[in-house]
Each structure stands twice: as structure tokens, then as C-alpha cells.
**Student:** 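Starting off with a structure, shown below.
Residue numbers begin at 1 in each chain, while the letters A, B, ... track the order of the sequences.
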Amino acid sequence: MKASAISSVFAPLQEKGRAALIPYVTAGHPVGDSTSTVLHALADSGADLIELGVPFSDPLADGPTIQDSSFSSLQNGTKVEDVLAELSIFRAERTTPVVLFTYLNPVLRYGLEDFLSDATECGASGLLLTDLPVGADCEVERTIAESPLDFIRLVAPTTRAERVPEIAENSSGFLYYISRAGVTGARSQLRESLGDEVAELRSQVGLPVVVGFGISTPEQAREVGCASDGVVIGSALVRIMEESGVEAGARFVARLRAALD
Amino acid sequence: MTKITQIQSDRFGSFGGRYVPETLIGALDEVAIAYAEASCDESFQDELKRLNASFVGRPTPLYHAERLGEAAGNRDVWLKREDLNHTGAHKINNTIGQALLAGRMGKRRIIAETGAGQHGVATATACALFDLECVVYMGEEDVKRQALNVYRMQLLGAEVRPVSSGTRTLKDATNEAIRDWVTNVDSTHYIIGSVVGPDPFPRMVRDFQSIIGREAREQFLECLGRLPASVVACVGGGSNAIGMFHPFVCDEYVELVGVEAGGSGIESGRHSASLAAGTPGVLHGSLSYLLQDSDGQVLPAHSVSAGLDYPGVGPEHSHLKDMGRVRYTFATDEQALEAFHKLSELEGIIPALETAHAIAYVLEYGASVNGPILVCLSGRGDKDVSHVAEIESRGSFL
Ligand SMILES: Cc1ncc(COP(=O)(O)O)c(C=O)c1O
């Protein structure tokens, strides 16, 4: 395992028995607010780690909320290099680790090695590619694994048990468990078996297990936080920022944090 | 990296693969295994053969288009009449096969994406035949362009869901179908409509469509005692073209020509010619030539024909292009519309606007071919008649 900024977030939290709070935002959204300002607001309201979405034109793993945020960000002209520049502005002042969350194509087009070194230089701590499952492209995966970035991989409820060790071995930082089969998007109900599934997964792998997709309220965050090492809140936050602005989003993050403390 | 198990056969050269959310990996394995079993199961093959003969109407005829040949510089032009299939296009070759497979896998719910509506109609038809639930995703733009096919799908008992995200065409309908599959993967099989998507779809759809080329090759040998000098097909995702080309790939003296949609011309930037003007990238689960900008964002495609209006192309075509085995070119909207009229007047066959791109190529370049030409007449044009009439009364394509 890499001795990374990400693992040093989890170690003390695990001791305290508190789950990490991991808000997701799409870079360049809401239109009109700079991404570095949004990142600051999240860090100020108690985020332990931040997932920053690099928008892609065809986000097929995302539900309507994140699709719309990506679309409006791109319409407004967001480029990959702008996202990295905003990240480095944030990084100059704050240490909260940031995981870049995106799809493979913008990264390939940028140039994989250039992307990895520029992202590292701008202060990213990890990379998550929703459309690069373990085993899909050995060469690309090896290059990412050899970079200084943690390589975050997903496990789904549909992942066969025999695949889990292989995924864990090819991950670093943390393992991301998808709370249900489906795309991103807020849901009013969590599945009943979720807690057991996460417990089972944690017993199998030597990495922190973070849960995301559909978690939308402080109550749900607390419930999932009790069973896992971290909670990702995406669509619910993006929607609040879209409708009521960054400050309202920050207040929501503070409430989530209070629910986990 | 350690212990990564990778199936090498999921690629065509470096193209193809399985670039999908983790949630789908299990389902893709399941389809791949079910397909491998069905391929060597005689009862599956017999059932497919029986339905192709009694329901689809195969074998389709090979027709000697003498007046078209005259217009193409006195060449010998033969049309493989996929327009005479039940539902009016080659798409049903694939949907019957995949619906049979869904039955084997115990999946009772089918989803599909559609552009022109031909694949949607062919899927809805197969679902009616096998009593399966059917949901078809179609871009809002295409729902307008292809209103007749929307009603046909509904008549057949399918639910048509208009897609309003992105460019509101085939690309976005495909995104939406994949999102549905990720969400309902346990109950649902996704009948993808072309040789695109993650493995095993490109090779499975190719195999189901290769009946076009196998029949045509045999018919050609029977009628002319030789192979064609050139084989021509239009390329959207590339399923009719691959189906036609595949049985000829090893006949090295047979020239293979794929005709993409040139829209308003390549220089205009408004086209769907991924092979002629794109660069390799990842969309909808596979690595292939793609229309994209310098930031890796997928560019909107354009074509007068909804079925070619797609910024990607099947990965096997990318491989055949890089190997130099198939030559890919394009016909513009204007050339396709002209060919649409020409074939109607000369042969009494109204082609689909997609197919008209292949005809346009033959009219333009047929004279340069030394020997008989075989063209895949992928579909009939009834669905396009009102759209063409509207374009012509407006006097512009825009
Ligand atoms: C008649 C016809 N030909 C061709 C196509 C293009 O698809 P493909 O390139 O997969 O054959 C379509 C798609 O809708 C079609 O309806």
C-alpha cells in the first residue's frame, strides 16, 4: 500500500471510530463559482476527503443530477487543464486530499502519463475512473498503479465474490463500494442488506471501505457511516448547490459531518 | 499490478475491450458464456435457422440492378436485398438471435437503443414474438425524425422512452440504455443494435449479421461463378457492413468499401465519419475511432439519416481500417438524397437513407471498379419518405 495522503486520513479516523466524510462535486459547477472556492467551502465544513468530478460529455454511470452538472460545466467551457489549475490553487492553502473522479476518455486524450504527472503536481491524491474496471486494460492500469496517485477501484453489489481479492489487490487508498446496482443519484431508501455487505467486504480486504451512490441525508450518512470507513455524498450535494448555491451546500456538508461525529 | 485476468479475445487488435462500470462486469460475463454455449448448441442454431426462414424471410434475394449499373458507368451491380427482411432492414438478423439468447438466460425484460427506429422496431418485433417486455430508448430528435417507427414500436407492444439529454440522438439513447442496464441488470438483457459496445457485443452482433455476407457470397458464386470485385456497405455503428464484409475478409482480391455519413462535408465539421475523421477513444464500453475534441469530449455527430448519426463506430472496423483491409470513405447528405431518388426511379426500390449512402458511392465511383460490385441494401426507405419530403419542401438540410 502507498503511504499516501489518503491513507493518513483513514488511519486516525479508524482509531476514533468515525467514518470519513467524502463530498463529491463536479468541477466547474455551479457555473459562476470557481472550483477552488467550492473546494475551500467543503474543506471548511468538515470534509475529510473530496471527490472532484472532471466532467465528461457522456457520463453513462451518472444519474440526471450529475449529468446535468457535467453538461452545464462543459457548456460553460470547462477544460481538464482548468480543473487541474483550480485544484492547485486549493492545494496551495489546504491539505484535504482530493480524488479525481472521471471517465477514461478525457484522461487518454490528455495523454495518460501527462495527466498522471500534472494531476500529481497540482495536488491530486487519487484517481477513480468509473469505466475502467479491474482487468479492462492492463497497460493503462499498470501505468496508473505506478504513479504517485492512489488508484481507487469500485466494487458493486453484482461483483462476483471471486473478483473481490483481485480488485482489492489492484486498488490503493480505499475501496469504493457502490450501495446499489445503478447510476449515481439521490435515493430515499438504502437497501437493507447494505450493512452486512459492507461488513463482509471489510473483513476480506486490507483497505478502508467507503460507500457511495444514493446516500442523500445526514440520517443515511450516519447509518452507512456506522458500518463503513467513509461515506460519499454526491448527487444530493450537487443538487443543493445547483438550487441554493455553494453556501447552502457547505451548510449541508456541515450537517452531514455533525451526523458522523 | 498483480494477477489481472484478462481475456485477450475481447479485442480486435488494440480496439474493443470492456470499458464499463464494474456493476456490468458480471452481466457481460453471463452474456459471453451464454453466447459461447449457444454457439455450439445445435438446438439453438436450428431454432435460429427456422425463424430466419419462416419469420424473417431468409435467404434474402441477390438482385441484379441493371439500370443502376448503367448509371454507375456500365458496371455490373448486385444488391443484397436486406430491405426485404421482415421489418424492412438487416437489424432483425441480430434481434432474433439476441432475443433467443435472452430466453436462454432467463431474462424477461429487454431494453434497446435506436436511432432510425429500425433496430427499435426489430427489437420490439422479436419481443412480441417471444413475449418479452420491451423498452426502447430513442433520442427526442430522432423521435421527431422517425415518427412512423415510433408508432410501429408502440403497436408491437414496446414502450418508447424519449431521451432529452445531450444531443438527443443515438449516442444519448445508448447512454440511457446502458444506465437502465446498470440499474436493472438482474432482470434485463440489453439488445445492442450494432457492432458496438463492450465485449461480447461487437463479435456476437457480427456473428448474427454475418448471415448477410455468407448468403451473398454463395449467391454470387452461384449466379456469376466468381466473387465480386468490390463489396460496398454503409457504416453507422457498422453492423450491416461487418455482416456483409466478414465472410469476404479472407478473399484478399475482393475490395471492401465502407461508406460513412459525410453530412454537410468533412470540412464543415457536421458529419458522422468517425473512421475518416476521428481519433481512437473510449465511448460506450469500447476503444474505437471516435469524433472527439482536443479535451476528450465526444463531439455531436450529424447526418441526414438518423441511423448513421453516431460519433463512434464498431471496434472491428477500426481494426480493419488500421490493417488496411477495408477502405472507408463517405457520402454527404446531398449525395445520399440524390441516390435515394436515383435508386427509387431506376430500380423501383426506395432505400433507407442510411443505405442511400452506399448507393451514392456506387453512383460516384462505380466506374472505377474493374468487375462486378456487390452492395448491401441494408434497408427500405418507407420510414424516411416523409422526412425527405419535408427536407425538400424546406429546401435545406438544416
Ligand atoms: C437500414 C439501415 N442501414 C444501416 C444502418 C446503420 O447501422 P449499421 O452501421 O449498424 O448497419 C441502420 C441503422 O439504423 C439502418 O436502419
Side-chain angles (χ1 to χ4, degrees), chain A residues 54-64 67-68 71 74 78-82 102-110 129-142 144-146 151 153-160 162-163 165-167 169-170 176 178 180-183 185 213, chain B residues 1-8 10-11 14 16-30 164-167 171-172 174-188 198-199 279-287 290 292-300 311-312:
Chain A
V54 180
F56 177 49
S57 55
D58 292 83
L60 52 77
D62 285 300
Q67 282 174 47
D68 290 348
F71 188 72
L74 290 173
T78 303
K79 301 263 179 274
V80 176
E81 58 188 36
D82 303 333
T102 189
Y103 293 78
L104 183 56
N105 201 55
V107 171
L108 286 184
R109 186 68 181 168
Y110 190 97
L129 297 169
T130 48
D131 54 355
L132 186 70
V134 168
D137 193 320
C138 294
E139 220 175 287
V140 170
E141 292 174 81
R142 191 178 305 113
I144 300 171
E146 286 166 359
F151 195 5
R153 316 307 287 270
L154 300 154
V155 174
T158 54
T159 300
R160 272 174 287 105
E162 352 32 301
R163 234 176 110 72
E166 189 181 328
I167 295 175
E169 264 178 80
N170 291 288
Y176 189 133
I178 301 172
R180 60 187 154 78
V183 293
F213 279 41
Chain B
M1 304 283 295
T2 39
K3 263 212 313 196
I4 281 188
T5 41
Q6 185 168 30
I7 320 153
Q8 286 306 330
D10 71 350
R11 303 242 165 200
S14 61
R18 273 189 183 182
Y19 299 93
V20 293
E22 172 66 26
T23 309
L24 290 181
I25 293 294
L28 292 174
D29 283 340
E30 188 186 354
S164 59
S165 57
T167 54
K171 161 180 92 87
D172 307 283
T174 307
N175 287 336
E176 215 45 48
I178 294 174
R179 291 184 188 115
D180 181 315
W181 203 29
V182 172
T183 308
N184 302 298
V185 62
D186 285 340
S187 65
T188 301
D199 182 78
T279 46
V282 172
L283 178 68
H284 297 151
S286 60
L287 176 68
L290 179 64
Q292 56 179 325
D293 70 13
S294 58
D295 225 36
Q297 308 298 344
V298 179
L299 289 168

**Student:** Got a sec, which residues hit side-chain hydrogen bond (donor to acceptor under 3.5 Å, both in side chains) with Asn105(A), two or more places apart in sequence or on another chain?
**Tutor:**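 Expected list: Gln292(B).
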**Student:** Using heavy-atom distances under 4.5 Å, tell me whether Phe71(A) contacts chain B through its side chain, its backbone, both, or neither.
**Tutor:** side chain
**Student:** Does any backbone or side-chain atom of Thr78(A) lie under 4.5 Å from a heavy atom of chain B? Answer side chain, backbone, both or neither.
**Tutor:**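 Interface part for Thr78(A): backbone (N, CA, C, O).
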**Student:** If every non-hydrogen atom of Val282(B) is compared with every non-hydrogen atom of Phe56(A), which pair is closest and at what distance?
**Tutor:**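 Heavy-atom minimum between the residues: O-CZ, 4.3 Å.
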**Student:** Checking heavy atoms, do the side chain of Thr279(B), its backbone, both or neither come under 4.5 Å from chain A?
**Tutor:**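 When you check distances to chain A, only side chain atoms of Thr279(B) fall under 4.5 Å.
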**Student:** Counting heavy-atom pairs under 4.5 Å with chain A, which one of Ile178(B), Val182(B), Val20(B) comes out on top?
**Tutor:** Val20(B)
**Student:** In Å and rounded to the nearest 0.5 Å, what is the CD1 to CZ distance from Ile25(B) to Arg160(A)?
**Tutor:** 8.5 Å
**Student:** Please round to the nearest 0.5 Å and tell me the distance separating atom CZ of Arg109(A) and atom CG of Leu290(B).
**Tutor:**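 It comes to 9.0 Å.
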**Student:** Side chain, backbone, both or neither: which part of Val155(A) has an atom under 4.5 Å from a heavy atom of chain B?
**Tutor:** backbone
**Student:** Using non-hydrogen atoms only, which part of Leu283(B) is less than 4.5 Å away from chain A: side chain, backbone, both, or neither?
**Tutor:** side chain
**Student:** Enter the distance from Asp295(B):CG to Leu74(A):CG here, rounded to the nearest 0.5 Å.
**Tutor:**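 The CG atom of Leu74(A) is 8.5 Å from CG of Asp295(B), to the nearest 0.5 Å.
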**Student:** For Ile178(A), is it the side chain, the backbone, both, or neither that has a heavy atom closer than 4.5 Å to a heavy atom of chain B?
**Tutor:**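 Interface part for Ile178(A): side chain.
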**Student:** Which bit of Asp62(A) is near chain B, if near means a heavy-atom gap under 4.5 Å: side chain, backbone, both or neither?
**Tutor:**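 For Asp62(A), backbone heavy atoms alone lie under 4.5 Å from chain B.
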**Student:** How long is the span from the CG atom in Asp58(A) to the CD atom in Gln297(B), to the nearest 0.5 Å?
**Tutor:** 8.5 Å
**Student:** Starting at OG1 of Thr159(A), measure out to CG of Leu24(B) and round the result to the nearest 0.5 Å.
**Tutor:**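 The OG1 atom of Thr159(A) sits 10.5 Å away from the CG atom of Leu24(B).
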**Student:** Using non-hydrogen atoms only, which part of Leu129(A) is less than 4.5 Å away from chain B: side chain, backbone, both, or neither?
**Tutor:**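 Contact with chain B: none, neither part.
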**Student:** Would the distance check show the side chain of Thr158(A) and the main-chain N or O of Thr23(B) forming a donor-acceptor pair, the cut-off being under 3.5 Å?
**Tutor:** yes
**Student:** Could you tell me which portion of Val185(B) (side chain, backbone, both or neither) has an atom closer than 4.5 angstrom to a non-hydrogen atom of chain A?
**Tutor:**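 Looking at Val185(B), just its side chain touches chain A.
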**Student:** Under a 4.5 Å heavy-atom cut-off, does chain A meet the side chain of Asp293(B), its backbone, both or neither?
**Tutor:** backbone
**Student:** Closer than 3.5 angstrom, by distance alone: can the side chain of Glu22(B) be matched with the main-chain N or O of Ala156(A) as a donor-acceptor pair?
**Tutor:** no
**Student:** Under 4.5 Å from any heavy atom of chain B, what part of Pro59(A) do you find: side chain, backbone, both or neither?
**Tutor:**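 Answer is both: backbone and side chain atoms of Pro59(A) are under 4.5 Å from chain B.
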**Student:** Roughly how far, to the nearest 0.5 Å, is NZ of Lys171(B) from CG of Leu60(A)?
**Tutor:** 10.0 Å
